[in-house]
A.B. asks: 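Dumping the structure here so I can ask a few things about it.
Labels below follow one simple rule: chain letters A, B, ... track the order of the sequence lines, proteins then strands, and each chain is numbered from 1.
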2 protein chains.
Amino acid sequence: MNIGQAAKASGVSAKMIRYYESIGLVPAAARTEAGYRSYGEREVHTLRFIRRARDLGFSADQMTELVALWSDRGRASADVKAIALRHVAELDRKAQELREMSETLKHLAATCHGDGRPDCPIIESLAGEGVPDAAPRAPRGFDRIRTLR
Amino acid sequence: MNIGQAAKASGVSAKMIRYYESIGLVPAAARTEAGYRSYGEREVHTLRFIRRARDLGFSADQMTELVALWSDRGRASADVKAIALRHVAELDRKAQELREMSETLKHLAATCHGDGRPDCPIIESLAGEGVPDAAPRAPRGFDRIRTLR
DNA sequence: AATGGGGCTTCCCACCGTGGGAAGGTCAAG
DNA sequence: CTTGACCTTCCCACGGTGGGAAGCCCCATT
């Protein structure tokens, strides 16, 4: 199976398969004489595993750990659980941050009449006129969130 | 005021001030004879505006729009509100995604006894053994989330 | 007046995960 | 044999942010 087939079968793009190989998340694939990467069921299975972990928001580093634990028959389930729970905490923290940002903005938007007139509490709050630092989002231990695509 | 002072006064790092200038989010600062960037109250005010918007998760592009609206005395508050509400929707969507990932993982972790034994529902679910695609996170219109720091 | 330290400048590099695209080789079907 | 679909590697970009090097500049203390 070539990389394109493996990509379709696993749901991981060919680009990303090569990338995962380059960072050592998956072992280097076997090659045909012509230099084409060659995949079997086993490899596709691994890629699917990775795709599912990725869809759960695990980082490449965490996925490396998970794959290692997966292929270690003698692993302790506690090890897997620990990674998962750490990730859950992280996800919750980020979701909470997003919610707080959303809440603040919703409140501001609610007091903005949103018509053709120029006065707007949203802008005023951002400008801090009279309301200096009124909305201290990202308080301490802040960790801004960035998203992609 | 030099860039370091402006950074302290605004809460935006000198690095980021230069970056914002380079992408046109803020106009190029005046320079001293020696080539140092020079800032006044007005510029610092703008930078603070930007910092607040950033803390609310606005992208550089959105901040550009907001700054433009801010400096447009005749803007319609509806325009600002529209940007804010679009952003709120986006924030909510992302928070929802994170929550779903967290939920899925929490359920998996709950059924993992987390001791020294190797059998682990978390790994099994990722591997898809017997439960192919059991947890279709990021269904359609998926948009994976990435975080920083 | 010289020296030292801290600030400023520009420029490049890195992160992470992903896609785009160019330049060139390969394979299978017509 | 040609054509088109696929594969290869390599570089570039994104968004924001920090790190750091090399080279000025400014001020205060000797």
A.B. asks: Does the side chain of A:Glu43 come within less than 4.5 Å of A:Met1's, by heavy atoms?
C.D. replies: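 No - every pair of side-chain heavy atoms lies 4.5 Å or more apart.
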
A.B. asks: Taking any heavy-atom pair under 4.0 Å as a contact, classify B:Ala14: base, sugar-phosphate, or nothing.
C.D. replies: nothing

A.B. asks: Round to the nearest Å and state the distance from A:Lys8 atom NZ to D:dA5 atom C1'.
C.D. replies: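 It is 10 Å, rounded to the nearest whole Å.
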
A.B. asks: What's A:Thr32 touching, base or sugar-phosphate or nothing? Going by heavy atoms closer than 4.0 Å.
C.D. replies: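 Counting heavy atoms under 4.0 Å across all strands, no contact is made by A:Thr32.
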
A.B. asks: Compare side-chain N and O positions of B:Ser13 against OP1 and OP2 of D:dT17 and report whether any pair is under 4.0 Å apart.
C.D. replies: no

A.B. asks: Please figure out whether B:Asp61 or B:Ala34 has its closest DNA chain D nucleotide nearer the 5' end.
C.D. replies: B:Asp61

A.B. asks: Find the distance B:Ile17:CD1 to C:dG7:P and express it as a whole number of Å.
C.D. replies: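 Answer to the nearest Å: 15 Å.
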
A.B. asks: Looking at A:Tyr20, does any N or O in its side chain come under 4.0 Å of the phosphate oxygens OP1/OP2 on C:dT18?
C.D. replies: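 Indeed, a polar side-chain atom of A:Tyr20 lies that close.
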
A.B. asks: Is the ring pair A:Phe49/A:Trp70 parallel, tilted or perpendicular, if the boundaries are 30 and 60 degrees?
C.D. replies: parallel

A.B. asks: In whole Å, I'd like the distance from the CD1 atom of A:Ile23 to the C1' atom of C:dT18.
C.D. replies: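 Distance check: A:Ile23 CD1 to C:dT18 C1' gives 12 Å.
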
A.B. asks: Taking only side-chain nitrogens and oxygens of B:Arg37, does any of them come within less than 4.0 Å of OP1 or OP2 of C:dC8?
C.D. replies: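 No, because none of the side-chain N or O atoms of B:Arg37 sits under 4.0 Å from OP1 or OP2 of C:dC8.
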
A.B. asks: Less than 3.5 Å between a donor and an acceptor, one on the side chain of A:Tyr36 and one on the base of C:dG25, is that the case here?
C.D. replies: yes

A.B. asks: Considering only heavy atoms from C-beta outward, does the side chain of B:Phe58 approach that of A:Leu105 to under 4.5 Å?
C.D. replies: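 In contact.
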
A.B. asks: Does any donor-acceptor pair link the side chain of A:Lys15 with the base of C:dG17 at a separation under 3.5 Å?
C.D. replies: no

A.B. asks: When you match B:Glu33 and B:Ser59 each to their closest nucleotide on DNA chain D, which lands nearer the 5' end?
C.D. replies: B:Ser59

A.B. asks: Taking NZ, NE, NH1 and NH2 as the nitrogens, is one of them in A:Lys106 or A:Glu103 under 4.0 Å from a carboxylate oxygen of the other?
C.D. replies: yes

A.B. asks: B:Met16 has a side chain; which of D:dC7, C:dG17, D:dG18 sits nearest to it?
C.D. replies: D:dG18

A.B. asks: Rounded to whole Å, please give me the gap between CD in A:Gln5 and P in C:dT26.
C.D. replies: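 Nearest whole value for this atom pair: 19 Å.
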
A.B. asks: Roughly, in whole Å, what's the span from CD in A:Glu21 to P in D:dT9?
C.D. replies: 8 Å

A.B. asks: Of all the choices, D:dC7, C:dC8, D:dG16, which nucleotide is nearest to the side chain of B:Arg18 once you look at every atom?
C.D. replies: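 Per side-chain heavy atoms of B:Arg18, the pick is C:dC8.
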
A.B. asks: Write down the distance between CD1 (B:Ile50) and P (D:dG16), rounded to a whole number of angstrom.
C.D. replies: 12 Å

A.B. asks: Side-chain N or O of B:Arg54 versus OP1/OP2 of D:dG16: is the shortest distance under 4.0 Å?
C.D. replies: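 Result: no.
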
A.B. asks: Could you state the atom-to-atom distance from OH of B:Tyr19 to P of C:dC13 in whole Å?
C.D. replies: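 Those two atoms, OH and P, are 17 Å apart.
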
A.B. asks: Do A:Val67 and A:Val26 make a side-chain contact, defined as non-hydrogen atoms from C-beta onward lying under 4.5 Å apart?
C.D. replies: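 A side-chain contact under 4.5 Å is absent here.
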
A.B. asks: If I take atom CE in residue B:Met63 and atom C1' in nucleotide D:dT17, what distance separates them, rounded to the nearest angstrom?
C.D. replies: 12 Å

A.B. asks: Can you tell me if the side-chain N/O atoms of A:Arg31 get under 4.0 Å from OP1 or OP2 in D:dT9?
C.D. replies: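 A:Arg31 to D:dT9 OP1/OP2: side-chain N or O found under 4.0 Å.
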
